[in-house]
Protein chains: 2
Amino acid sequence: MAKENDFPEIDPDGPELVYMVVADHIAAKIERGDLKPGQRLPSELDLAGQYGVARMTIRRAMKELRDRGLIRSVHGKGTYVQVPESS
Amino acid sequence: MAKENDFPEIDPDGPELVYMVVADHIAAKIERGDLKPGQRLPSELDLAGQYGVARMTIRRAMKELRDRGLIRSVHGKGTYVQVPESS
DNA sequence: ATGCATTTGTCCGTATGTATG
DNA sequence: TCATACATACGGACAAATGCA
């Protein structure tokens, strides 16, 4: 179980955009509370390994999540789940 | 007032490089005469605290100012505003 | 001469930002 | 989209140089 926690199978040749699959998967974790506000996400390199995609694809997904206001990236430190207060 | 003396707000997400913002800010102080030739600057650790950045970022800014010929660093002593004579 | 604090110099590891092919 | 490389930035640790007690 805890299927929601597993990493989705990603078919690079599939119709859905890879970065969007990753973004939606992480977004679901955040909205489910699996990732809590202020918590740090794994590094882009780690996520790339976990999802089996390139780092640039993870970054594209991070940009998507940033645009949705779900996360916040800090140069040299990491990426964090956005805290409602700190818009 | 004395707005010129205050430390600039640094937006890590901004397009400008952090070390360049710091370098330009200190350069302005020197060129304005706020920091006089021969005068010692605060230590890198102090500057890091004042600007709210890492020491390595301050060092990167110092390197920029050294390259511009505005300052001179002495191991174990400190960093000084360059005196025109001592090129 | 000895130790101590301060300051710059150097290095390491990790993480994000940017650019190219 | 992937793969690679480099720049920027953070944080910590230690070395080297200076000056002082």
Side-chain angles (χ1 to χ4, degrees), chain A residues 7-27 30 35 38-83 86, chain B residues 7-27 30 35 38-83 86:
Chain A
F7 299 102
E9 289 179 16
I10 297 181
D11 176 14
D13 301 330
E16 332 103 62
L17 300 177
V18 176
Y19 81 84
M20 197 61 81
V21 174
V22 174
D24 287 340
H25 187 249
I26 295 179
I30 293 175
L35 290 171
Q39 185 173 346
R40 220 205 91 197
L41 275 65
S43 75
E44 297 172 346
L45 220 49
D46 285 346
L47 288 173
Q50 292 171 356
Y51 283 95
V53 300
R55 184 190 160 211
M56 291 308 295
T57 302
I58 293 295
R59 283 187 60 71
R60 186 64 186 80
M62 295 292 108
K63 170 172 169 35
E64 177 67 22
L65 295 175
R66 273 195 302 273
D67 290 346
R68 295 189 201 172
L70 290 177
I71 63 172
R72 179 176 53 95
S73 297
V74 182
H75 196 171
K77 296 188 69 175
T79 300
Y80 304 81
V81 177
Q82 188 65 282
V83 179
S86 60
Chain B
F7 298 103
E9 289 180 16
I10 296 182
D11 177 14
D13 301 332
E16 331 100 51
L17 301 179
V18 177
Y19 80 84
M20 198 61 82
V21 173
V22 173
D24 287 340
H25 187 249
I26 295 179
I30 293 175
L35 291 171
Q39 184 175 346
R40 220 204 89 195
L41 275 64
S43 75
E44 298 171 345
L45 221 49
D46 284 346
L47 288 173
Q50 291 171 355
Y51 283 96
V53 301
R55 185 190 160 211
M56 290 308 294
T57 302
I58 293 295
R59 283 188 62 73
R60 186 63 186 80
M62 295 293 108
K63 169 172 167 39
E64 177 68 22
L65 294 175
R66 273 196 302 273
D67 291 346
R68 296 190 200 171
L70 289 176
I71 63 174
R72 179 177 51 96
S73 297
V74 182
H75 192 172
K77 294 189 67 178
T79 302
Y80 304 81
V81 178
Q82 188 64 284
V83 179
S86 61

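Letters A, B, ... are given to chains in the order of the sequence lines, protein chains preceding strands, and every chain is numbered from 1.
We find that B:Asp24 and B:Arg68 are joined by a salt bridge, their nearest charged nitrogen and carboxylate oxygen being less than 4.0 Å apart.
One atom, CG of A:Leu65, and another, P of C:dT16, lie 13 Å apart when rounded to the nearest Å. When the P atom of C:dT6 is taken as reference, atom CG of B:Asp46 falls 10 Å away, rounded to whole Å. Look at CZ on B:Arg66: it is 13 Å from C1' on C:dT7, rounded to the nearest Å. Here D:dT1 presents its C1' atom at 17 Å from NZ of A:Lys63, a figure rounded to the nearest Å. One can place CZ of B:Arg72 at 13 Å from P of D:dT18, the figure rounded to the nearest angstrom. Rounded to whole Å, atom C1' of C:dT6 lies 10 Å from atom CG of B:Leu45. Here C:dG9 presents its P atom at 13 Å from CG of B:Leu47, a figure rounded to the nearest Å. Rounding to whole angstrom units, CE of residue B:Met62 and P of C:dG9 are separated by 11 Å.
Each of B:Leu41 and A:Glu44 was assigned the nucleotide of DNA chain C with the nearest heavy atom; the assignment lying further toward the 5' end belongs to B:Leu41.
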List every contact pair, protein side and nucleotides 8-15 of chain D side both N or O, where the distance is under 3.5 Å.
{"from": "D:dT8", "atom 1": "OP1", "to": "B:Tyr19", "atom 2": "OH", "distance (Å)": "3.4"}
{"from": "D:dT8", "atom 1": "O2", "to": "A:His75", "atom 2": "NE2", "distance (Å)": "2.5"}
{"from": "D:dA9", "atom 1": "OP1", "to": "B:Val18", "atom 2": "N", "distance (Å)": "2.4"}
{"from": "D:dA9", "atom 1": "OP2", "to": "B:Tyr19", "atom 2": "N", "distance (Å)": "3.3"}
{"from": "D:dC10", "atom 1": "OP2", "to": "B:Ala54", "atom 2": "N", "distance (Å)": "3.1"}
{"from": "D:dC10", "atom 1": "OP2", "to": "B:Thr57", "atom 2": "OG1", "distance (Å)": "2.2"}

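At least one side-chain heavy atom of A:Glu16 sits less than 4.5 Å from a side-chain heavy atom of A:Val21.
Checking the phosphate oxygens (OP1, OP2) of C:dA15, no side-chain nitrogen or oxygen of A:Ser73 falls inside 4.0 Å. Under 4.0 angstrom from either OP1 or OP2 of C:dT8 there lies no side-chain N or O belonging to B:Arg59.
Here CE of B:Met62 is found 7.5 Å from OG of B:Ser73. Values are rounded to the nearest 0.5 Å. Annotation: the span from A:His25 atom NE2 to A:Ile30 atom CD1 amounts to 11.5 Å, rounded to 0.5 Å.
When all heavy atoms of B:Ala61 and B:Val22 are compared, the closest pair comes out as CB-CG1, 3.9 Å.
Aromatic ring pairs are classed by plane angle as parallel below 30°, tilted from 30° to 60° and perpendicular above 60°; the pair B:Tyr51 and B:Phe7 is perpendicular.
The salt bridge (Lys or Arg N to Asp or Glu O under 4.0 Å) test with A:Glu44 is passed by exactly one of A:Lys63, A:Arg60, A:Arg55: A:Arg55.
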